[in-house]
Visitor: 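Here you go, one structure.
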Amino acid sequence: MLHHLPLQTIKPLTTAHLAQTMSLLSLTAAELQEQIEAELASNPALEMLDELRCPVCHRKLPRQGICPVCSQPVLSQGEEAVVFVSTREVYTGFGEPQDDEDREDNGALEEESLAVHVFRQIAPDIPSEDRKIAAFLLTHLNEDGLLTISLQEIASYHHIPVERVRNIQRVIQRADPVGVGSVDPKEALLAQLSLLEETQPVPALTRKMIEEGLDLLSRHQFHELARMMKVSVGEIQRIASFISKNLNPYPGRSSWGESKGGRIANQQVFYKPDILITLSTNGDQEVLVVEILFPLWGTLRVNPLYRKAIQEVDEELKEDMRQDLERASLFVKCLQQRNHTMQRLMQRIVAWQKDFILKGDKFLKPLTRAQIAKELGVHESTVSRAVANKAVQLPSGKIIPLADFFDRSLSARIVLKELIMHETKPLSDAELVKLMAQRGYEVARRTVAKYRAMEGILPANLRRACY
DNA sequence: CTATGGCACGGATT
DNA sequence: AATCCGTGCCATAG
């Protein structure tokens, strides 16, 4: 499963080797890039070759993606996950590679960051010739995450058919603040609904109600609606509450900026993924493909000329050069080790959490770092470091911290949320404990209260009956 | 009296 | 060794 990896050079485990590998492990893709560039600049024995060869067949690799020859046999083995290091570009902004390193450019940047956030998610999924259109579209969002110009305008501006713009928009709508890039609240709601339908049951008629009676709905004219849809008022209210709980007509608002009352503040937004998980259909098999993003393109190696030159140099210089060489080869080894470890780590994680990745939060299986460490035969702290401060992009386009795979209570919280969402009368914490227990979640009353707080759900006595 | 939130403790995790 | 998380106890609000 891992035979296509550069494994040859993993044996001399000196302490220096170990220490440096450790520190490299904990770096994010962006930090790694800095580190490599610094090393490259300071050590003349290192060189970066402007080409990439497959470690197995030594064919030249295309600028993006993996070896088309060697990836084949791996994909066809029916593995749960294929993991490899990819040099795929990490998208940092629109068009030109601009320095967005600067700190808060206040308002302007704040507004733009929603667009950047979305762009990063979708960029890998759309052909490069469409990216500038996507970028254009994203620059015309208002603070609600809705489009300020029509699709026709975009199409005629770029001289392309409207249908093509619409396809790009569809991709965008499925990205993180779901529904972003819609022309109006109605379209945003429908986009969210479509995505929701893929993972969970949705009340019948919800779609019809949004499509046909949105203006009535927003004015709470339930009786009018009931007559129009030919169902009871109670049914209408049920759907209405479902909509207000699960959907958001202004995608830009909820997840962005404003922190809702009682929300835990650690909901950090990650912009740049370090790892990419995509779903690839290989024949009839669905395979998860994991890419460990590697920030630089090319082959890092010890400069062979430098190695030669050392022979023909005075004694005093020789010692210095020897050290440079030593450092260089150590660095390369550490880098290989880091990649190797990351690959094995992700392989295990993805295999274990496959359902979570494909079907959503509810299917997160409990997992501890210690467990993975044992399976991998590495120290726990190694896993800890590797997992900390990194972000993963899921096939859905969502970017989450890698540590989320180890969240012990996420699935319990989701169950709790559903329980409350479907309740017919406000349930007290104690009652919720019982219901949770029936579903196999044994938690204390006090804990239910905490989960509620985390999800920003009001206590029962303040909760409005849900229908 | 009941339902919740605060504080702090202990065991697990990192 | 430091931190996180679930929990129990107790005060407080309704």
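Order of the sequence lines fixes the chain letters, A, B, ..., with proteins taken first and strands second; residue numbering starts at 1 for each chain.
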Visitor: Taking atom P of B/dT14 as reference, at what distance in whole Å does atom CG of A/L345 sit?
Guide: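 Rounded to whole Å, this separation is 13 Å.
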
Visitor: Mind calculating the distance between CZ (A/R408) and P (C/dT3) to the nearest angstrom?
Guide: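 That distance rounds to 16 Å.
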
Visitor: Would a distance-only check, ignoring hydrogens and angles, find a side-chain to backbone donor-acceptor pair under 3.5 Å from A/H422 to A/E418?
Guide: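 Indeed, once roles are kept as given, a pair shorter than 3.5 Å links the two residues.
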
Visitor: Would you indicate what A/S381 reaches in the nucleic acid, counting non-hydrogen atoms under 4.0 angstrom: base, sugar-phosphate, or nothing?
Guide: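 Nothing, no heavy atom under 4.0 Å.
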
Visitor: Is there a donor-acceptor contact under 3.5 Å linking the side chains of A/R207 and A/S194?
Guide: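 Yes, because at least one side-chain N or O of A/R207 sits under 3.5 Å from a partner of the opposite role on A/S194.
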
Visitor: Under 4.0 Å between any heavy atoms, over every strand shown, what does A/R452 touch: base, sugar-phosphate, or nothing? Just pick one.
Guide: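 Sugar-phosphate, no base atom in range.
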
Visitor: For A/Q371 and B/dT13, what is the distance between atoms CD and P respectively, to the nearest whole Å?
Guide: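 Rounded to whole Å, this separation is 10 Å.
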
Visitor: Testing A/L276, A/T278, A/V289, A/I357 for side chain to side chain contact (heavy atoms under 4.5 Å, CB included) with A/P395, which one passes?
Guide: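 For A/P395, the side chain to side chain contact (heavy atoms under 4.5 Å, CB included) check succeeds only for A/I357.
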
Visitor: If the cut-off is 4.0 Å, is A/R369 near the phosphate of B/dT13, judged by side-chain N/O to OP1 or OP2?
Guide: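 Negative; the distance criterion is not met.
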
Visitor: In the structure I gave you, are the side-chain heavy atoms of A/E326 and A/L330 within less than 4.5 Å of one another anywhere?
Guide: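 With C-beta onward as the side chain, the pair stays apart.
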
Visitor: Within this structure, what is the CG-to-P distance between A/L458 and B/dG5, rounded to whole angstrom?
Guide: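 That distance rounds to 9 Å.
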
Visitor: Tell me: CD of A/E380 to P of B/dA12, nearest whole Å?
Guide: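 Computing the A/E380:CD to B/dA12:P distance gives 13 Å.
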
Visitor: From C-beta outward on A/P459, which listed nucleotide comes closest to its side chain: B/dA3, B/dG5, C/dT7?
Guide: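 Minimum distance to the A/P459 side chain belongs to B/dG5.
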
Visitor: With a 4.0 Å limit, can you tell me whether A/Y451 has a side-chain N or O closer than that to the phosphate oxygens OP1/OP2 of C/dC5?
Guide: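 No, no such contact exists.
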
Visitor: Send over the distance from A/I457 CD1 to B/dT4 P, rounded to a whole Å.
Guide: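 To the nearest whole Å, that distance equals 12 Å.
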
Visitor: Hey, are the side chains of A/L416 and A/M436 touching, using non-hydrogen atoms and a 4.5 Å cut-off?
Guide: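 In short, these two side chains touch, coming nearer than 4.5 Å.
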
Visitor: Would you mind reading off the distance between A/M454 atom CE and C/dC4 atom P, rounded to a whole angstrom?
Guide: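 Value for this atom pair: 12 Å.
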
Visitor: Is it the case that the side chain of A/N43 and the backbone of A/D324 share a donor-acceptor pair, with hydrogens and angles ignored and the cut-off at 3.5 Å?
Guide: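 Yes: the side chain of A/N43 pairs with the backbone of A/D324.
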
Visitor: Yes or no on salt bridge (Lys or Arg N to Asp or Glu O under 4.0 Å) for A/E431 and A/K425, after CA distance, side-chain angles and deciding distance?
Guide: CA-CA 11 Å; A/E431 290 169 303; A/K425 75 176 171 53; 3.4 Å; yes

Visitor: Mind calculating the distance between CG (A/L416) and P (C/dG6) to the nearest angstrom?
Guide: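 Checked: the CG to P distance equals 12 Å.
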
Visitor: Summarise protein proximity over nucleotides 8-14 of chain C in one line of letters, 5' to 3': B for base, S for sugar-phosphate only, - for none, counting protein heavy atoms closer than 4.0 Å.
Guide: BB-----

